Amino acid sequence: MKKEVYFDDPRFAIMGRTLSTNNSLELSYPGVSVHFNALAERVQLVAYSQHGKGRIDVVVNNKLAKILVVSKTPKPFYLIKAKQAKLNKIELINRGESWHGIISLKSLILESGDLLETPSLPSKKLLFVGDSIISGALMERPAPTSNTRKGPHLSNARQSFGMLLGRMLNAQVHLIAYGGRGLLQGSDTSVRLPQLPQIFPLTIPETPYNHRWPTDAYIPDGIFICLGTNDFYNDIPNIDLFNQHYADWIEHLLALYPDTQIMISEGPMLSNSMENKLKKHCLIQCLHSIVKQVNHPQLHHVPCINCEGDEFDPHPTIDQHLAIATHFSPLFTDILNW
């Protein structure tokens, strides 16, 4: 006997920004995840992507079971296939970014079973803001002999240092990230696009930009901001403008979240050439100036280790993301008094 369950059911626990439309759940930020407990012989997910291809990690009982590639045509995907009903803890995690695809989860189809009680999420809450570094872009590396090209298939938000820190510190995590974007400007300065201060309030950071996330829906204990890599990517920006814009935005965030600790960092990149090292030194000096200008006890500069990626790409690898998380863990613990 089959049973269809829609995503407005309270037995789903959701971590990350989502939009509910006609019983479906739309999501696009990296790392957005849906958690549920199923006691059934078979469980199928019906999903599609509004553009491009979305990718979903299916984690069953804390182990990666499969990766779903979701296209524009709604389609059922088996999550569980067994001969008899068994209790499984299942997580669906968005691997990629908004520009890869806006994923719509339509329903679950359960055979010979049902959902059980809602899983509990950690009470501690973290929020990470940034670019492709935060999203876990290009962290998976192809075999040396393969002809694999760079692209969305190499992203893995679940293994990004922010999500790893959440698991290390037993905290919920929201990743508000968009590859190529920055504070004032993105890596492609020829186009005018929303940058992270404009993206931050959005539930879905794609046109028509008309769904805003309610501030009180997720009050983080700590906000970590890793911006500047793309602003400094082509050349050093106007420093006075960069500093003032950053300071104004931080003061806005402190007004929105008066009990939240805010941590700003230069991030792991911009260390693979002398030119980039000079840019990074300038960025770090900017962050020191911003902390001094804002002069608030809840604002902290947290230095990051340098990661040069590898010959395939300068983005951090999976191992480097783990090293970054390990580096930040005691700093977060101290700042957040955890």
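Computation of the quantities below employed the complete heavy-atom set of this structure, encompassing side-chain atoms and omitting hydrogens, waters and symmetry-equivalent molecules. What you see is a predicted model, and the numbers here were worked out from it, not measured in a lab.
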Checklist entry - Does a side-chain N-to-carboxylate-O contact under 4.0 Å join Asp114 and Arg11? => result yes
Checklist entry - With a 4.0 Å cut-off, would you call Glu311 and Arg141 a salt bridge? => result no
Next on the checklist: Can you confirm whether the side chains of Asp231 and Gln185 place a donor and an acceptor under 3.5 Å from each other?
Outcome noted: no
Item to check | Residues Asn88 and Asn37: side-chain donor-acceptor under 3.5 angstrom | outcome: no
Item to check | Audit row: Lys125, Asp221, salt bridge (Lys or Arg N to Asp or Glu O under 4.0 Å) steps and yes/no | outcome: CA-CA 5 Å; Lys125 295 178 180 178; Asp221 299 292; over 6 Å; no
Next on the checklist: Could you check whether atom NZ of Lys2 has more than 12 heavy atoms from other residues, nucleotides or ligands sitting under 6.0 Å from it?
Outcome noted: no
Item to check | Hydrophobic cluster membership, Leu175 vs Ile324, 4.5 Å side-chain cutoff | outcome: yes
Item to check | Distance-only donor-acceptor check, side chains Ser265 and His301, under 3.5 Å | outcome: no
Item to check | Of Cys307, Pro316, Cys226, the residue whose pairing with Met269 passes side chain to side chain contact (heavy atoms under 4.5 Å, CB included) | outcome: Pro316
Next on the checklist: Quick check with a 6.0 Å cut-off and a 45 degree axis cone: is Lys150 positioned over the face of Phe312's six-membered ring?
Outcome noted: yes
Item to check | Residues that Phe242 engages under ring-ring contact (aromatic ring centres under 6.0 Å, His included), provided they are two or more places apart | outcome: Phe232, Tyr246
Item to check | Asn272, Asn306, Thr229 screened by side chain to side chain donor-acceptor pair (under 3.5 Å) with Lys280, the one that passes | outcome: Asn306
Checklist entry - Do the side chains of Leu127 and Met163 join up, straight or via other hydrophobic residues, at under 4.5 Å, putting them in one cluster? => result no
Item to check | Residues Thr21 and Glu26: side-chain donor-acceptor under 3.5 angstrom | outcome: yes
Item to check | Exercise: do Asp240 and Gln244 side chains pair donor with acceptor under 3.5 Å | outcome: no
Item to check | Separation of Cys304 SG from Leu270 CG (nearest 0.5 Å) | outcome: 11.0 Å
Checklist entry - For residues Ser329 and His327, is any side-chain donor paired with an opposing acceptor at under 3.5 Å? => result no
Checklist entry - Taking atom NE2 of His281 as the centre, does the number of heavy atoms from other residues, nucleotides or ligands within less than 6.0 Å exceed 12? => result no
Next on the checklist: Between Asn170 and Lys124, do the side chains contain a donor N or O and an acceptor N or O under 3.5 Å apart?
Outcome noted: no
Checklist entry - Does some side-chain heavy atom of Ile225 sit less than 4.5 Å from a side-chain heavy atom of Leu253? => result yes
Checklist entry - With a 3.5 Å cut-off and no angle check, do the side chains of Glu97 and Ser132 form a donor-acceptor pair? => result no
Checklist entry - Parallel, tilted or perpendicular: which describes the rings of Phe224 and Phe332, with under 30° parallel and over 60° perpendicular? => result tilted
Checklist outcome for this item: Sorted by chain and residue number, the side-chain contact (heavy atoms from CB on, under 4.5 Å) partners of Leu193 (sequence neighbours excluded) come out as Arg181, Val191, Gln195
Checklist entry - Taking the six-membered ring for Trp, are His174 and Phe128 ring centroids under 6.0 Å apart? => result no
